[in-house]
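Atoms within a ligand are numbered from 1 in the order they appear, just like the ligands themselves. Excluded from the calculations below are hydrogen atoms, water molecules and symmetry mates; all remaining heavy atoms, backbone and side chain alike, are included. For the single chain, residues carry numbers from 1 onward in sequence order.
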Amino acid sequence: MLKIAAARTVVTSPGRNFVTLKIETQDGLTGVGDATLNGRELAVASYLSDHVIPCLIGRDAHQIEDIWQYLYKGAYWRRGPVTMSAIAAVDMALWDIKAKAAGMPLYQLLGGASRTGVMVYGHANGETVEETLAAARDYVAQGYKAVRLQSGVPGLTSTYGVSKDKLFYEPADADLPTENVWSTSKYLRAAPALFAAAREALGWDVHLLHDVHHRLTPIDAGRLGKDLEPYRLFWMEDATPAENPEAFRIIRQHTTTPLAVGEVFNSIWDCKQLIEEQLIDYIRATVTHAGGITHLRRIASLAALYNVRTGCHGATDLSPVSMAAALHFGLSVPNFGIQEYMRHTAETDAVFPHAYSFDDGYLHPGEAPGLGVDIDEALAAKHPYRRAYLPVNRLEDGSMHDW
Ligand code: CS2
Ligand code: MG
């Protein structure tokens, strides 16, 4: 038995807020889990400290599945991003401990490596098509096989995915929500032009991705997918809000552009219909927001039955702990698709020393026992929490819209 002796949440803000759970066993083994929920960090920190941690002390850290079921079924009020991020952090930390106790990198416990590396995509963005393509060329020059393109929309002062600092995109940028303005008609004219220029400039060997970020109606999404078909995207992400899985039937009727969805999902139940009806091609659920490695493996197994591949979310608001866990999962899972890799800043990397490394377009989790990542709590303490909201989005007439 590996008795859990203590557990604590560490809230730190090296450039942006992160919530990390650290679990310690009586034998001195420690494990970490990422519990960061962008814009609602303290809700998860409290859920862990006030409601979960008291139930962990004294339990056997080896009983990952039983603890997962205890925290899921025992909560009564199940699912949702706060609950499932908290469960995910416990799950990641327990897998970290188990792999350390076994003296091997976590991927070995998940069935070993199914590939030599985890193919990742970077985020090229710019105010203009030219700026975006220049950023994309930088990524290709760094060896990336896949690049996401997000460009400004003529006539709009801001849009999703375009950051002031090209390499690092952090949307949680203000003490109260920034208000963005959106126009679908302006966007639908701009996006196809971006990818036409991209194929002209970058050729066909690089995978191109795009994130619509929940902003279109199903029929508009069908139109965009059809307009993008000549440019052979790897995927069109979050084409329409995914609360309504049936909406994807409409998109599917109009386009063969591959569809990815799920970064906001937090359980297999959110994914089920989209996967079983093959309405999507990639499932974006992540280790942190979808209940940890234990639950993400269940989602991936369901997806494998229907030829749906993984495409885990990996934005900067998922900490290096989450990235490490995603890489162990991604190295082993049979129906791997691609892993998002929005690089963290050097400030963040210093707080989260890690073994994973990038080489020629692929990440590898490394061979350190466990997740191969930790949190430097002394350094973390130097970056106090700062409230930061994600933006909100309105149409040009002021109506609230999806951000
Ligand atoms: C985006 C994210 O990376 C993505 O695909 O959807 O940047 C998302 O906007 C943030 O994670 C929200 O916190
Ligand atoms: Mg996205």
Side-chain angles (χ1 to χ4, degrees), residues 13 15-19 34-44 81-82 84-85 88 120-125 135 139 144 146-151 158-174 177-178 180 182 187 191 207-216 221 224 233-242 258-266 270-271 274 280-290 310-323 326 337-345 348 387-393 401-403:
S13 192
R16 61 139 295 113
N17 295 316
F18 294 108
V19 179
D34 180 34
T36 305
L37 185 63
N38 206 355
R40 297 296 184 272
E41 292 86 359
L42 297 189
V44 186
V82 172
M84 299 309 284
S85 297
V120 294
Y121 69 89
H123 280 207
N125 69 80
Y139 276 101
Y144 282 80
V147 184
R148 188 186 86 165
L149 305 183
Q150 305 292 143
S151 186
S158 67
T159 188
Y160 164 71
V162 179
S163 67
K164 303 161 197 72
D165 174 345
K166 291 294 151 276
L167 190 58
F168 305 109
Y169 174 58
E170 178 43 68
D173 59 0
T178 308
N180 291 169
W182 175 253
Y187 167 73
H207 295 302
L208 297 180
L209 301 89
H210 185 59
D211 192 347
V212 183
H213 218 267
H214 323 276
R215 300 182 177 199
L216 300 181
L224 177 60
L233 267 64
F234 185 89
W235 80 33
M236 178 170 76
E237 175 186 344
D238 282 335
T240 194
L259 302 175
V261 77
E263 69 180 50
V264 296
F265 288 174
N266 39 76
D270 299 327
C271 313
L274 288 167
I280 58 173
D281 303 280
Y282 297 91
I283 186 65
R284 295 260 299 140
T286 57
V287 180
T288 295
H289 300 134
T310 65
C312 295
H313 187 205
T316 43
D317 45 288
L318 293 150
S319 85
V321 174
S322 179
M323 182 52 69
I338 198 167
Q339 170 64 48
E340 179 176 8
Y341 178 44
M342 244 201 237
R343 287 177 189 259
H344 292 102
T345 62
T348 294
R387 190 176 74 190
Y389 284 87
L390 285 169
V392 299
N393 213 7
H401 194 61
D402 297 289
W403 176 74

May I have a table of the N/O to N/O pairs between ligand 1 and the protein that fall below 3.5 Å, each row giving the two atom names and the distance to 0.1 Å?
unit_1: ligand 1; atom_1: 3 (O); unit_2: E340; atom_2: OE1; d: 3.3
unit_1: ligand 1; atom_1: 3 (O); unit_2: E340; atom_2: OE2; d: 2.4
unit_1: ligand 1; atom_1: 5 (O); unit_2: R148; atom_2: NH1; d: 3.4
unit_1: ligand 1; atom_1: 5 (O); unit_2: D211; atom_2: OD2; d: 2.9
unit_1: ligand 1; atom_1: 5 (O); unit_2: E237; atom_2: OE2; d: 2.9
unit_1: ligand 1; atom_1: 5 (O); unit_2: E263; atom_2: OE1; d: 2.9
unit_1: ligand 1; atom_1: 5 (O); unit_2: R284; atom_2: NH2; d: 2.8
unit_1: ligand 1; atom_1: 6 (O); unit_2: D211; atom_2: OD2; d: 3.1
unit_1: ligand 1; atom_1: 6 (O); unit_2: H213; atom_2: NE2; d: 3.1
unit_1: ligand 1; atom_1: 6 (O); unit_2: E263; atom_2: OE1; d: 2.9
unit_1: ligand 1; atom_1: 6 (O); unit_2: E263; atom_2: OE2; d: 2.5
unit_1: ligand 1; atom_1: 7 (O); unit_2: Y160; atom_2: OH; d: 3.0
unit_1: ligand 1; atom_1: 9 (O); unit_2: H213; atom_2: NE2; d: 2.8
unit_1: ligand 1; atom_1: 11 (O); unit_2: H313; atom_2: NE2; d: 3.0
unit_1: ligand 1; atom_1: 11 (O); unit_2: D317; atom_2: OD1; d: 2.9
unit_1: ligand 1; atom_1: 11 (O); unit_2: D317; atom_2: OD2; d: 3.1
unit_1: ligand 1; atom_1: 13 (O); unit_2: N38; atom_2: ND2; d: 2.8
unit_1: ligand 1; atom_1: 13 (O); unit_2: D317; atom_2: OD1; d: 3.4
unit_1: ligand 1; atom_1: 13 (O); unit_2: D317; atom_2: OD2; d: 3.1

Point to revise | Check: H289 side chain, N266 main-chain N or O, donor-acceptor pair, under 3.5 Å | key: no

Check your understanding: Do E237 side-chain atoms and D211 backbone N/O form a donor-acceptor pair below 3.5 Å?
Key -> no

Practice item. Mind listing the protein N/O/S atoms less than 2.8 Å away from the Mg ion (ligand 2)? Waters don't count. Key: D211 OD2, E237 OE2, E263 OE1

Check your understanding: Once the angle between the rings of Y187 and W182 is folded into 0 to 90°, is it parallel (under 30°), tilted (30 to 60°) or perpendicular (over 60°)?
Key -> tilted

Check your understanding: Any sub-3.5 Å donor-acceptor pair from T316's side-chain atoms to Y169's backbone N or O?
Key -> yes

Review point. Is there a donor-acceptor pair under 3.5 Å between the side chain of D34 and the backbone N or O of V321?
Key: no

Point to revise | side-chain hydrogen bond (donor to acceptor under 3.5 Å, both in side chains) partner of S322, the single match among D317, T288, T36 | key: T288

Check your understanding: Is the NZ or CZ atom of R387 both under 6.0 Å from the centre of the six-membered ring of Y389 and within 45° of that ring's axis?
Key -> no

Practice item. Check whether any side-chain N or O of R284 sits under 3.5 Å from a backbone N or O of G311 as a donor-acceptor pair, and report yes or no. Key: yes

Review point. Under 3.5 Å, side chain of H313 to main-chain N/O of G262, donor-acceptor pair present?
Key: no

